[in-house]
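Okay, so here's the structure we're looking at.
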Amino acid sequence: MQSQVIISQDLSGVGQVSMAVAVPLIAAFGHQPLLLPTALLSAHTGFANNTYFDLSAQMPKILSHWQDLNIKPQAILLGYLGQSALNVWQKWLPQYANVGIKVIDPVMGDHGQLYRGFDDTYVQAMQQLVRLATVITPNPTEAQLLLNEPLSADPLLPKAATALAQRLADRFHVDVVLTGVNMVNGRVGVAVVEQGQARLWQTQRLSGEFFGTGDIFAAVLCGALVEGIDLIEASHLAMNFVARALITTLADKSDPRFGVAYSAELPWLLHTISTRI
């Protein structure tokens, strides 16, 4: 029987980001995605003048119907929410206390800045929500926001990256995968804290602006966890998959706004998973 994974984040009609990548990636693992979109966009925010339709009012009705259907997921993956959808999950996530894998990507900032449209109220609400997760996947800016620390986009030493992840784990009592860390050596790091055990992975930094990499990382991480792969290995797998997909994207010379060309690397991903489980 397929494992069921609730995926709740926005859906963009154009651009391989958020739910548009999470659903096929979770399905590629052989899991059954259960879709709970928070909003419908004509295109993601990397495109100008995109439309935005808030679906949060429908979310409680959908979740109530799923209860009537006796839906019992094995995992929950939350990405970009927005204030209204975050409020919904604050009320509903405690009802899924028995779900062993709850991955929250606290999307709200990057490059040392809070995203436009978010404020301190949203940060405070996210600080409460992540306490209900089993794993969180913030970038350094989001980690600093969660910890109420000064925002900085400065590159980090390995010890500082691991320490930042550890402070998150200590404060929120969750496992942490700190993603997209700019390292002082010019590479990109992923700092993992799992039940007190810390690990830092690094990969090459590629030039360019890419959309959806965090969404891809979180989906692969979640899918791997459902497969029974431990968090440290799952984070390494997700990092390598994203790195390979970025190399493919650069080779294609396609418009990066349309997202990362990850599908060409799916055979590698599935083969790698089959050798680990």
Side-chain angles (χ1 to χ4, degrees), residues 79 103-115 123 126-127 130-131 133-225 229-247 249-250 260 262 265 268-269 272 276:
V103 179
I104 297 181
D105 184 4
V107 181
M108 54 183 173
D110 202 359
H111 306 300
Q113 294 184 335
L114 185 68
Y115 286 147
V123 174
M126 185 62 75
Q127 288 169 337
V130 297
R131 295 180 186 277
T134 58
V135 181
I136 61 174
T137 63
N139 61 39
T141 298
E142 291 155 351
Q144 292 160 354
L145 287 165
L146 289 172
L147 292 166
N148 295 320
E149 295 182 357
L151 299 184
S152 172
D154 292 342
L156 298 177
L157 289 164
K159 185 176 180 180
T162 303
L164 180 57
Q166 187 65 62
R167 291 198 296 278
L168 283 169
D170 292 342
R171 174 164 179 175
F172 296 104
H173 306 290
V174 295
D175 290 334
V176 175
V177 182
L178 185 67
T179 65
V181 183
N182 292 325
M183 308 301 297
V184 293
N185 60 7
R187 293 170 69 82
V188 179
V190 173
V192 188
V193 176
E194 180 182 22
Q195 297 180 354
Q197 182 182 4
R199 187 68 178 264
L200 179 69
W201 303 111
Q202 296 187 53
T203 188
Q204 68 184 108
R205 169 167 294 284
L206 299 171
S207 60
E209 174 109 19
F210 302 99
F211 295 92
T213 54
D215 305 320
I216 293 171
F217 184 99
V220 172
L221 181 81
C222 183
L225 292 174
I229 299 174
D230 68 79
L231 183 63
I232 290 177
E233 287 300 312
S235 63
H236 191 227
L237 177 72
M239 182 190 73
N240 285 336
F241 180 74
V242 171
R244 292 175 66 97
L246 290 179
I247 291 172
T249 302
L250 287 172
V260 176
Y262 69 90
E265 298 304 323
W268 173 87
L269 176 66
T272 303
R276 295 188 181 200

Residue list, side-chain contact (heavy atoms from CB on, under 4.5 Å) with Leu200, at least two apart or on another chain: Pro158, Ala161, Thr162, Met183, Ala191, Gln202

Gln197 side-chain N/O to Glu194 backbone N/O, donor-acceptor pair under 3.5 Å: no

Minimal non-hydrogen separation, Ala234 against Leu225, with atom names: CB-CD2, 4.1 Å

Asp215 backbone acceptor or donor facing Asp105 side chain under 3.5 Å: no

Partner set under side-chain hydrogen bond (donor to acceptor under 3.5 Å, both in side chains) for Gln127, not counting sequence neighbours: Asn148

Those residues that, when tested against Arg199, pass side-chain hydrogen bond (donor to acceptor under 3.5 Å, both in side chains) (two or more places apart): none

Under 3.5 Å: donor-acceptor pair, side chain of Trp201, backbone of Ile232: yes

Val193/Leu168 under side-chain contact (heavy atoms from CB on, under 4.5 Å): CA gap, chis, key distance, verdict: CA-CA 9 Å; Val193 176; Leu168 283 169; over 6 Å; no

Heavy-atom pair with the smallest gap, counting every atom of Ala238 and Val220: CA-CG1, 3.8 Å

Atom pair CZ (Phe210) and OG1 (Thr249), whose distance is rounded to the nearest 0.5 Å: 6.5 Å

Asp175 side chain near Gln195 side chain, heavy-atom distance below 4.5 Å: yes

Between CG on residue Leu147 and CZ on residue Arg167, distance to nearest 0.5 Å: 6.5 Å

Any Tyr262 side-chain heavy atom under 4.5 Å of Leu269 side chain: no

Partner set under side-chain contact (heavy atoms from CB on, under 4.5 Å) for Ser152, not counting sequence neighbours: Gln144, Asp154

Atom pair CD (Glu142) and CG (Leu114), whose distance is rounded to the nearest 0.5 Å: 9.5 Å

From Asp230 atom CG to Ser235 atom OG, the distance as rounded to the nearest 0.5 Å: 8.0 Å

Sole candidate of Val123, Thr141, Ile136 that passes side chain to side chain contact (heavy atoms under 4.5 Å, CB included) when paired with Leu146: Ile136

For Asp170, all residues meeting side-chain contact (heavy atoms from CB on, under 4.5 Å), sequence neighbours excluded: Gln166

Approximate separation, where rounding is to 0.5 Å, of Leu151 CG and His111 NE2: 13.0 Å

OG1 on Thr203 to CD1 on Ile247, rounded to 0.5 Å: 7.0 Å

CD/Gln113: more than 12 non-hydrogen atoms of other groups inside 6.0 Å: no

Test side-chain contact (heavy atoms from CB on, under 4.5 Å) applied to Val177 and Leu231, step by step: CA-CA 8 Å; Val177 182; Leu231 183 63; 3.7 Å; yes

Stepwise side-chain contact (heavy atoms from CB on, under 4.5 Å) test for Met239 and Val188: CA-CA 10 Å; Met239 182 190 73; Val188 179; over 6 Å; no

Partner set under salt bridge (Lys or Arg N to Asp or Glu O under 4.0 Å) for Glu265, not counting sequence neighbours: Arg244

Step-by-step side-chain contact (heavy atoms from CB on, under 4.5 Å) determination, Phe241 to Thr272: CA-CA 10 Å; Phe241 180 74; Thr272 303; over 6 Å; no

Nearest non-hydrogen partners of Leu178 and Ala143, listed with the distance: CD1-CB, 3.7 Å

